[in-house]
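The next block holds one structure in the form of structure tokens; read it before the comments.
Remember, predicted model here, so these are calculated numbers, not experimental data. FYI, the numbering just counts along the sequence from 1. Order of appearance sets the numbers: ligands from 1, and atoms from 1 within every ligand.
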Amino acid sequence: MEAELIVRMLEKMEIIDVNQMIEEFESTTKDAGRVQIETLKKILEENGSAEYLKNLGLNGSTDPESFKACVPLVTHEDLEPYIHRIADGDTSPILTGKAITTISLSSGTTQGKPKFVPFNDELMETTMQIYRTSFAFRNREFPVGNGKALQFIYSSKQFKTKGGLNAGTATTNVYRNSQFKEGMKGIQSQCCSPDEVIFGPDFHQSLYCHLLCGLIFREEIQLVFSTFAHSLVHSFRTFELVWEELCADIREGILSSRITVPSIRTAMSKILKPDPELADLIHKKCSGLSNWYGLIPELFPNAKYIYGIMTGSMEPYLKKLRHYAGDIPLMSGDYGSSEGWIGANVNPKLPPELATFAVLPNIGYFEFIPLRESVEDQVLVIEPKPVGLTEVKVGEEYEIIVTNVAGLYRYRLGDVVKIMGFHNSTPELKFVCRRNLMLTINIDKNTENDLQVAVEEAAKVLAEEKLEVVDFTSHVDLSTDPGHYVIFWEINGEVQFHEEALQECCNCLDQSFLDAGYISSRKVNAIGPLELRVLQKGTFQKILDHYLGLGAAVSQFKTPRCVSLANNTVLQILCVNVAKNYYSTAFR
Ligand code: AMP
């Protein structure tokens, strides 16, 4: 009895003190300006010996003014030669004082090709800090009990760079880090699946086993998680296809022959035991659902919430996720990138559409380039000077510049954020979109956000037919004269039964780009009629598989929302899988 008590006490001690965490956050954010100066000082002191900083003539200065005067704003391209030297095995202090031993591969789904980014223990520590911060706020509102988390997390292909450094996606580097497991215990989010499943070489097999583990531990599951909402929806769409097989495995206690990886089979055999009662129960619950509405609470009766990034390009998956979630709240995750974390969601009660991120002033040094539309209209575009974290204005949009603890200085992340308010003296941001324009032919400018809004509008027409857009992307087709926008859609129905509605969707898409440049160009036919190409079922799965083959991880996958000619393989996959195309008859 005593031993049991001690074990329980030890278990308790590992869990972070939520109130203390919140207090720490409150105190850091009350003094955000000063904390920023200190954070920059610390970064520059630790990395002052790095060749990159030395060459810029900082001469040991660590104040923001000298920093901004000496260090230029850079893009990933500018840093590539340095990062490649590191990856090739040069261990001299290049970007950081201490040599970098791990490289992260960004998902590359927004840019077309994965980028190499330095990763180190300091970056890992900031990752855990942001996890702990948002957990503290989440747990205050929606406390989870002792139990497990169903986490759809995966490792990417891991490899060694030419110089022998470990390389994988940032999430993989995080999951592999020794701090990860302890950290997850601290925030009561231990994954219900064994490591062999998380680190398995085949994503499809790992997903199947995550689902199976979730069902076996169904009573214990406290929350359902994936880094991005896309993966959550994908997982439950897969469940719809394999649920009977999962039930059969549970009934017999024998793992499906679709799992061929020996390490996964061995690990799963320790968990999977014949349980006809459980199989019957799940079968009954699934059979009783109407179009899978409320699937997640049926399967996991003690789940308190569903957690993952649901903002930005993940918003289109919310409708389907809500359908599966029934009455379980959706909670949007934090904001960051392979290059480092930026802000935590400290208002978990807000619906994902309204989620904001409070910047943690001690995890990096942040600057913001104001984006004012009026400036762009002038012939000579002079980019405004970046402002500091505490100088941003509510309601304004900015491009965010990051200086992190892993060798990136004044780095343009390429994201646009909007300031929604302040938490003490640190801004609360909303993610708007990637900065690079996506759809443009002449004077028109449409971002991924504009595309998202247009697709949402047109999807309403489809909803009247009880159909959904499974996923979408776009392309600027300049092979026609004039050029025109092409929108690719995968829908969950048969094209031939919905021809009229799809033509209407096509017109609606064309009319839903509200950018003045687009509308005026369309009116004078300087841009041709928008084309809607409806894809065969499973096309986006093929695209996902393509990226996985390149070393991406499902954990970080974001469907590319615009595919250029440079991204030839993906464009080919799209083009050979078109079931039917439609041209807009609007603007006639
Ligand atoms: P990656 O480098 O592959 O990890 O992707 C990072 C990018 O994902 C960021 O630069 C953003 O564009 C996007 N992203 C990350 N977190 C969020 C979020 N909370 N909301 C919207 N987009 C996000």
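Judged by distance alone, with hydrogens and angles left aside, the side-chain atoms of Thr473 form a donor-acceptor pair with the main-chain N or O of Pro560 at under 3.5 Å. Checking side-chain atoms of Asp515 against main-chain N and O of Asn446 turns up no donor-acceptor pair under 3.5 Å.
Neither the backbone nor the side chain of Met314 has any atom closer than 4.0 Å to an atom of ligand 1 (non-hydrogen atoms only). In Thr169, neither the side chain nor the backbone holds a heavy atom less than 4.0 Å from any atom of ligand 1. Of all the heavy atoms of Thr311, the ones lying under 4.0 Å from any atom of ligand 1 are found in both the backbone and the side chain. Residue contacts with ligand 1, taken as heavy atom pairs separated by less than 4.0 Å, involve Tyr335 via backbone and side-chain atoms alike.
For Glu396 and Lys393, the salt-bridge test fails: no basic side-chain N is under 4.0 Å from an acidic carboxylate O.
Residue Arg434 has at least one heavy-atom neighbour below 4.0 Å for each of these atoms of ligand 1: 10 (O), 12 (O). Those atoms of ligand 1 with a heavy atom of Ser106 less than 4.0 angstrom away are 2 (O).
Considering both main-chain and side-chain atoms, Ser338 comes within under 3.5 Å of ligand 1 through a nitrogen or oxygen pair.
Shortest non-hydrogen contact noted between Thr172 and Tyr154 is OG1-O, 4.2 Å. Minimum interatomic distance between Pro118 and Ile83 (heavy atoms only, all atoms of both residues): CD-CD1, 4.0 Å. Between Pro352 and Thr311, the shortest heavy-atom distance links the atoms O-CG2, 3.4 Å.
With distances taken over non-hydrogen atoms, the option nearest atom 10 (O) of ligand 1 out of Leu105, Ile342, Asp415, Leu413 is Asp415.
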Step by step, would you call Phe513 with Asp444 a side-chain contact (heavy atoms from CB on, under 4.5 Å)? CA-CA 10 Å; Phe513 287 101; Asp444 52 312; over 6 Å; no

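The shortest heavy-atom distance from Asp334 to ligand 1 is under 4.0 Å. Within the 4.0 Å heavy-atom shell around ligand 1 one finds Gly336.
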